[in-house]
Amino acid sequence: MDDAEVKNYMLLDSVNPFVERYIFVDVKRHFFEGIFERDGLPVKVFDKDFNEPGSPFVIVQCSIRSECEEAFLRCMADLDRKILLSGFQGYRSYCARLPVTFGEYALVLNFF
C-alpha cells in the first residue's frame, strides 16, 4: 500500500445520523488534543485508549457531529504530519494495520 493511501483513522458505524464515530492512531502523549483545541473542533473522546505493549502508538475512539467531519479530517492530516515530523518510526505501517489492530481493540473493550 502506498503511503499516500494510508489513513490514520477509520470510520465506524453510527446509529445516530447526526454523529460520526471514528478511531484514529496517535501517540501516547496525545498530540491530537492540541490540534483539536487549535481548530476549536468539538470532539467527544472515549476514556479508554488501546495500546499494544511496547508500541508508542495508541488507538483513540471518538465521536464528532456530522457537520464537523471535514474539519476532523483536516485535523487527521495535521496529526499525521506532526507525528511523522516528530520522528516516530513505523507510524504509517501501524496505520496501515489499523483495521486488524482495531479488531483486537474491539475485543479488549467488548465493542461487539
Side-chain angles (χ1 to χ4, degrees):
M1 181 178 289
D2 185 316
D3 267 1
E5 297 173 18
V6 174
K7 291 182 173 59
N8 59 346
Y9 61 88
M10 190 169 95
L11 179 65
L12 305 177
D13 292 332
S14 178
V15 294
N16 185 336
F18 304 106
V19 173
E20 302 299 337
R21 293 179 47 232
Y22 280 92
I23 57 169
F24 60 90
V25 179
D26 198 355
V27 294
K28 291 179 183 178
R29 295 188 323 212
H30 284 169
F31 285 172
F32 80 87
E33 291 172 344
I35 294 170
F36 289 174
E37 185 178 313
R38 177 201 69 202
D39 287 12
L41 186 64
V43 176
K44 178 184 180 203
V45 176
F46 293 80
D47 291 336
K48 289 186 178 180
D49 291 347
F50 173 73
N51 175 252
E52 291 179 299
S55 173
F57 307 115
V58 295
I59 297 177
V60 180
Q61 183 180 359
C62 70
S63 62
I64 59 168
R65 294 190 318 256
S66 295
E67 70 261 14
C68 296
E69 190 169 26
E70 191 174 310
F72 173 79
L73 296 177
R74 281 192 306 272
C75 287
M76 289 294 97
D78 290 349
L79 178 63
D80 181 69
R81 280 189 293 277
K82 181 170 184 167
I83 291 173
L84 292 173
L85 290 172
S86 296
F88 285 91
Q89 301 295 316
Y91 181 67
R92 290 261 171 90
S93 60
Y94 190 90
C95 291
R97 296 184 311 119
L98 187 56
V100 172
T101 306
F102 176 66
E104 297 166 4
Y105 171 75
L107 290 174
V108 167
L109 295 181
N110 296 318
F111 194 79
F112 297 114

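All values reported here derive from a predicted model rather than from experimental measurement.
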> Quick test of your reading of the model: are Asp80 and Arg92 salt-bridged, counting only N-O distances below 4.0 Å?
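Result for this pair is yes, salt bridge flagged.
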> Just verifying a value: how many Å separate Tyr9 OH and Met76 CE, rounded to the nearest 0.5 Å?
9.0 Å
> Which of these, Val25, Asp49, Asn51, Asp26, sits in a side-chain contact (heavy atoms from CB on, under 4.5 Å) with Phe57?
Val25
> When rounded to the nearest 0.5 angstrom, what distance separates CG in Leu98 from CD1 in Ile23?
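The CD1 atom of Ile23 is 4.0 Å from CG of Leu98, to the nearest 0.5 Å.
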> Do the non-hydrogen side-chain atoms of Glu70 and Leu73 ever get within less than 4.5 Å of each other?
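The answer is no, as the side chains (C-beta and beyond) never meet within the 4.5 Å cut-off.
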> So, for Ile64 and Glu69, which heavy atoms are closest and what is the spacing to 0.1 Å?
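Distance-wise, the nearest heavy atoms are CD1-CA, 3.6 Å.
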> Once you round to the nearest 0.5 Å, how far does CG of Asp13 lie from CZ of Arg21?
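Atom-to-atom, Asp13:CG and Arg21:CZ are 7.5 Å apart.
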> When clusters are formed by joining ILVMFWY residues with side-chain heavy atoms under 4.5 Å apart, either directly or through shared neighbours, do Leu11 and Val19 land in the same one?
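Cluster IDs for Leu11 and Val19 differ.
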> Is any side-chain heavy atom of Phe88 less than 4.5 Å from a side-chain heavy atom of Val27?
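Of all side-chain heavy-atom pairs linking Val27 with Phe88, at least one is under 4.5 Å.
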> Mind listing the closest non-hydrogen atom pair of Val60 and His30 along with its distance?
CG2-NE2, 4.2 Å
> Taking Tyr22 as the fixed residue, which of Phe46, Phe72, Phe32 is the one that meets the ring-ring contact (aromatic ring centres under 6.0 Å, His included) rule?
Phe72
> What do the steps show when you test Asn8 against Tyr91 for side-chain hydrogen bond (donor to acceptor under 3.5 Å, both in side chains), and what is the final call?
CA-CA 9 Å; Asn8 59 346; Tyr91 181 67; 3.1 Å; yes
> Taking the side chain as everything from C-beta on, heavy atoms only, tell me whether Ser63 gets closer than 4.5 Å to Val43.
no
> Working to the nearest 0.5 Å, report the span between CG of Leu41 and SG of Cys75.
5.0 Å
> Evaluate Asp78 against Arg38 for salt bridge (charged side-chain N to carboxylate O under 4.0 Å, His left out), listing each step before the verdict.
CA-CA 11 Å; Asp78 290 349; Arg38 177 201 69 202; 2.5 Å; yes
> Give me the atom names and distance for the closest heavy-atom approach of Ser93 to Gly90.
OG-O, 2.9 Å
> Are the side chains of Glu67 and Phe18 in touch, meaning some heavy atoms are under 4.5 Å apart?
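Glu67 does not reach Phe18 side chain to side chain.
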> According to side-chain hydrogen bond (donor to acceptor under 3.5 Å, both in side chains), who are the partners of Ser66, at least two apart in sequence or on a separate chain?
Glu20
> Got a sec: does the NZ of Lys28 have more than 12 other heavy atoms crowding it under 6.0 Å?
yes
> Write down the atom of Lys7, the atom of Cys95, and the distance for their closest heavy-atom approach.
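That would be O-CB, 3.5 Å.
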